[in-house]
**Q** 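Here it is, the structure, as structure tokens.
If you're wondering where the values come from, they're calculated on a predicted model, not measured in any experiment. When reading the values below, keep in mind they use all heavy atoms of this one structure, side chains included, and skip hydrogens, waters and symmetry mates.
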Amino acid sequence: MSAQLNALPRAAQRRLADRPLLTEAVWVGALTLLDMATVLHRTPEPPAWGVALWGAQTVPLLWRRTAPRAVLLAMTALYVLFQALGPVPAKVPGPFLLMLGVYAVARYTPAAASVPLTLFSLASAAVTDALTGHWEPPRLGSLEPISLTTFGFFFVLAWLLGYGRRRIDADAARLRELNRRLAAERELNAHQAVLTERARIARDLHDVVAHHVSAIALQARAAEDVLTSGPLQPEEAAQGVGVIARTADTALAEMRRLLGLLSFDERDLAPEPSLGRLDQLVRVATSAGCRVGCAVEVDGRTAPPAGMQVSAYRIVQEALTNVVKHAGPVAVRITVRGDDARLTVEVENDPPDPGHRAVPGTGRGLLGMRERVAAFDGELDAGPRPDGGWRLRAVLSARAADAAQPHAEQGDR
């Protein structure tokens, strides 16, 4: 069938591909007409109902993809009925049309189901032919072909071809699934790499700003003391102002350099991560083959602060990335609950897929999560479960972060 489609023009191939039922009807219809023409050619003036009954054997092939077992059984029943009624007295082709049903059942059903059906069809056809006198058991010295041996050879050949095609289709589907997971994992890794680099640049920028602004603040106070206390000392005041100017220029140059590394346009800036955007992480993990369930139990009137939501979002993101890397396409459960004072994040996954090869990691992801939790004076508990899965639980405290904020500001000064 594929060779026939390849011989058609591309436009015709597209039209047939868009109408699979029409393609099947044309193919099966042509086969049925050819089958009936064979009987008409072999038998002079056969009864019309007998020709129709013989041609009906191939009609069930219309459903060979969706119901291959029923197709083989129906074709076998029609063949047995035709041979039992004997509407066409002349010799007609044997049960070789059943090979098409055998091929279909071997291709579209597991071997545990296709083998018994194939043997049943072969036995039914052979017994029917023997009982109706269409072939006789071999006799010593007879040169006539052994019908059962011939039938068996072609039935086995049809089954092997169908089973081989089933294996090829399964391997192709497995490769497509692996490619899809690889693309999703690559997207996660690339996104995580971008976030890691931006975090590094942000830390560098903070260090530069904190260092130079602290120096500017110190020189400004010194200049203020010179100008307001004691006799006016223009030279010392001018020297302090000059240091302030040079330090500010250096800070601006460093800031421009670091911001230039980011090099993104304002149109490309994504919205601030928050608990309301966890569905984006769920979609990416789902595209990698994971079965993700997410439950967020946060009252909108007492929603956590924005900084806590960003940290919770990043913790879930890193946890899902680790699941995809180390466990593969498994079931994952995400639970986020809390209020404006305390937020708990739990991520659990089932044991790894036996066929998944874990991606080696550096442990920086878990270290980054610990740093985010520590910023909110929280707790992080991550480790394997008894069944082989993994569980991560992080608790963030907003009050602890608020209490730490004044001390951080004083330190910056």
Side-chain angles (χ1 to χ4, degrees), residues 188 191-207 210 270-282 284-285 290 292-327 332-350 361-386 389-412:
L188 276 174
H191 186 61
Q192 188 64 29
V194 171
L195 292 178
T196 302
E197 183 64 15
R198 289 182 178 179
R200 184 189 66 79
I201 295 175
R203 288 194 297 269
D204 293 345
L205 183 61
H206 174 270
D207 294 341
E272 181 78 352
S274 65
L275 296 179
R277 300 186 180 277
L278 290 179
D279 56 337
Q280 298 178 355
L281 302 179
V282 171
V284 175
C290 295
V292 184
C294 183
V296 179
E297 303 172 4
V298 176
D299 190 353
R301 294 171 296 180
T302 59
M308 183 183 290
Q309 293 197 36
V310 171
S311 294
Y313 180 95
R314 298 305 185 198
I315 290 173
V316 173
Q317 183 180 44
E318 182 60 32
L320 289 177
T321 302
N322 289 339
V323 170
V324 173
K325 286 183 176 179
H326 303 294
V332 186
R333 291 165 295 282
I334 303 171
T335 304
V336 181
R337 58 181 181 275
D339 51 22
D340 57 346
R342 185 181 178 89
L343 190 64
T344 302
V345 179
E346 293 183 358
V347 181
E348 294 184 85
N349 63 271
D350 289 349
T362 60
R364 295 180 181 177
L366 190 59
L367 179 61
M369 285 190 285
R370 294 191 183 280
E371 292 177 352
R372 293 184 183 279
V373 172
F376 289 89
D377 195 19
E379 302 173 358
L380 179 66
D381 182 19
R385 301 188 313 186
W390 189 269
R391 179 177 181 271
L392 181 144
R393 183 176 184 270
V395 180
L396 309 179
S397 174
R399 293 191 178 94
D402 294 339
Q405 186 64 27
H407 298 287
E409 294 176 354
Q410 293 176 5
D412 289 340

**Q** If the condition is side-chain hydrogen bond (donor to acceptor under 3.5 Å, both in side chains), which residues does Q192 pass it with, not counting sequence neighbours?
**A** E318
**Q** State, to 0.1 Å, how close S397 and D377 come at their nearest heavy-atom pair, and which atoms those are.
**A** CB-O, 4.4 Å
**Q** Search all heavy atoms of R372 against all heavy atoms of S311 and return the closest pair with its distance.
**A** CD-O, 4.2 Å
**Q** Drop me the distance from Y313's OH to R277's CZ, to the nearest 0.5 angstrom.
**A** 8.0 Å
**Q** Can T335 and E348 be said to form a side-chain contact (heavy atoms from CB on, under 4.5 Å), step by step?
**A** CA-CA 9 Å; T335 304; E348 294 184 85; over 6 Å; no
**Q** Which residues satisfy the side-chain hydrogen bond (donor to acceptor under 3.5 Å, both in side chains) test with R333, sequence neighbours excluded?
**A** D350
**Q** If I take atom CZ from residue R314 and atom CE from residue M369, how far apart are they, to the nearest 0.5 angstrom?
**A** 13.5 Å
**Q** Can you tell me which residue among V332, L320, V292 is in a side chain to side chain contact (heavy atoms under 4.5 Å, CB included) with N349?
**A** V332
**Q** For D339, enumerate each residue passing the salt bridge (charged side-chain N to carboxylate O under 4.0 Å, His left out) test, keeping only those at least two apart in sequence or located in another chain.
**A** none
**Q** Of all heavy-atom pairs between V336 and V298, which one has the smallest distance, and what is that distance?
**A** O-CG2, 4.3 Å
**Q** Rounded to the nearest 0.5 Å, what separates atom CG in L380 from atom CD in E371?
**A** 11.5 Å
**Q** The test is side-chain contact (heavy atoms from CB on, under 4.5 Å); show your working for V347 and I315 and say whether it passes.
**A** CA-CA 9 Å; V347 181; I315 290 173; 5.8 Å; no
**Q** Which distance, rounded to the nearest 0.5 Å, do you find between the CG of L275 and the CG of L343?
**A** 6.0 Å
**Q** State, to 0.1 Å, how close V316 and I334 come at their nearest heavy-atom pair, and which atoms those are.
**A** CG1-CD1, 3.9 Å
